[in-house]
Amino acid sequence: MRNKMNYLLCCVLLLSFNSCSAQSEPEQSRRGEESGAYNTLNTQEKYVILNKGTDRPFTGDYYNKTDEGVYICRQCNNPLYHSSDKFESHCGWPSFDQEITGAVTRKLDADGRRVEIICTNCQGHLGHVFLGEGFTDKNTRHCVNTSSLQFIPKGEEIPTVIKQ
């Protein structure tokens, strides 16, 4: 019964994610992109990271990835999540129950109902965080857009973080 309720909650959240309109670009991210200081982003990555867009569910490379490694910010290389904190929530986006300390900032979303998560270093949009769903013992779900992430397999060198 609990899994059915969690599944239904994910479906409702899915509908709310897809109905949200894009918002203006974060000023710091836009400056970095124009100056070329950050990594070059493709059209979808710009839509998500700079314009606070959302990937379509079940379309990203990472929502069901189980390899060991680290997920970094696609825009600035800031390490965000360890693969050991990733779990399957059946919502269509990568889900983590804990960020790397200091890597992710939470702020009230413009809709006033959700909490947005952004990269602390570059202010790029990552997704949203949800509390109290019961998926893990930590009772936290960072619902992250694949377009905001780059996966670095265990044993490979993490690129230098690009700071402004």
Side-chain angles (χ1 to χ4, degrees), residues 6 9-10 13-14 16-17 20 23 25-29 32-33 37-39 41 44-55 57-164:
N6 287 339
L9 179 61
C10 281
L13 292 172
L14 169 76
S16 68
F17 272 111
C20 292
Q23 301 165 4
E25 301 174 13
E27 184 64 27
Q28 186 176 7
S29 293
E33 182 70 9
Y38 290 129
N39 294 322
L41 303 175
Q44 177 64 19
E45 293 162 355
K46 286 178 185 178
Y47 167 70
V48 171
I49 296 169
L50 303 179
N51 296 320
K52 300 182 186 281
T54 303
D55 289 330
F58 303 103
T59 60
D61 294 335
Y62 302 143
Y63 80 90
N64 63 358
K65 189 170 194 63
T66 58
D67 299 358
E68 289 185 57
V70 176
Y71 291 85
I72 66 172
C73 176
R74 188 171 296 276
Q75 180 167 244
C76 72
N77 304 332
N78 188 31
L80 302 170
Y81 301 98
H82 294 289
S83 61
S84 57
D85 295 312
K86 189 173 185 297
F87 67 96
E88 179 54 63
S89 66
H90 305 285
C91 70
W93 293 277
S95 296
F96 303 86
D97 64 1
Q98 181 174 311
E99 72 273 19
I100 293 173
T101 303
V104 175
T105 299
R106 299 177 187 196
K107 66 182 203 172
L108 189 61
D109 199 41
D111 67 14
R113 297 184 319 254
R114 297 177 296 164
V115 176
E116 178 187 12
I117 48 176
I118 60 174
C119 173
T120 299
N121 182 59
C122 71
Q123 307 301 300
H125 177 72
L126 302 173
H128 293 86
V129 66
F130 302 94
L131 305 174
E133 297 176 322
F135 284 111
T136 71
D137 291 339
K138 295 174 189 167
N139 218 5
T140 301
R141 177 173 59 100
H142 289 240
C143 186
V144 185
N145 290 289
T146 290
S147 294
S148 299
L149 301 172
Q150 179 179 349
F151 179 74
I152 307 299
K154 183 178 180 179
E156 287 191 19
E157 186 174 339
I158 295 173
T160 302
V161 176
I162 303 167
K163 298 192 183 266
Q164 290 289 309

From [X] atom [atom1] to [Y] atom [atom2], the distance as rounded to the nearest 0.5 Å:
X: Q98; Y: T136; atom1: CD; atom2: OG1; value: 9.5 Å
X: I49; Y: N39; atom1: CD1; atom2: CG; value: 9.0 Å
X: T59; Y: W93; atom1: OG1; atom2: CH2; value: 8.5 Å
X: H82; Y: E99; atom1: NE2; atom2: CD; value: 10.5 Å
X: F96; Y: I117; atom1: CZ; atom2: CD1; value: 9.0 Å
X: S89; Y: H142; atom1: OG; atom2: NE2; value: 12.5 Å

Would the distance check show the side chain of [X] and the main-chain N or O of [Y] forming a donor-acceptor pair, the cut-off being under 3.5 Å?
X: N139; Y: G134; answer: yes
X: T120; Y: G102; answer: yes
X: N145; Y: L126; answer: yes

I need the minimum non-hydrogen distance between [X] and [Y], along with the two atoms involved.
X: S147; Y: D55; answer: OG-OD1, 2.6 Å
X: V70; Y: P79; answer: CG1-CB, 4.1 Å
X: Y81; Y: V104; answer: OH-CG2, 3.7 Å
X: G92; Y: Y63; answer: O-CB, 3.6 Å
X: G60; Y: T146; answer: CA-OG1, 3.6 Å
X: I118; Y: Q123; answer: CD1-OE1, 3.1 Å

query: Taking atom types as modelled and ignoring hydrogens, do the side chains of N64 and E88 form a donor-acceptor contact shorter than 3.5 angstrom?
result: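 There is no such pair between these side chains.
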
May I have the list of side-chain donor-acceptor pairs in residues 148-163 shorter than 3.5 Å, sequence neighbours left out?
residue, atom, partner, partner atom, Å
S148, OG, H125, O, 2.8
K154, NZ, E68, OE1, 3.4

- prompt: So F87 and F135, would you call those rings parallel, tilted or perpendicular, with 30° and 60° as cut-offs?
  reply: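 Tilted, since the angle between the ring planes falls between 30° and 60°.
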
query: Excluding sequence neighbours, so at least two apart, what forms side-chain hydrogen bond (donor to acceptor under 3.5 Å, both in side chains) with D67?
result: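 For D67 the side-chain hydrogen bond (donor to acceptor under 3.5 Å, both in side chains) partners, ignoring immediate neighbours, are K65.
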
Salt bridge (charged side-chain N to carboxylate O under 4.0 Å, His left out) contacts in which one or both residues fall within residues 71-87, not counting sequence neighbours: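 Counting only pairs at least two positions apart or across chains, the salt bridge (charged side-chain N to carboxylate O under 4.0 Å, His left out) contacts touching residues 71-87 are E45-R74, D85-K138.
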
- request: Could you go through the side chain to side chain contact (heavy atoms under 4.5 Å, CB included) check for I100 and L80 one step at a time?
  value: CA-CA 5 Å; I100 293 173; L80 302 170; 5.7 Å; no

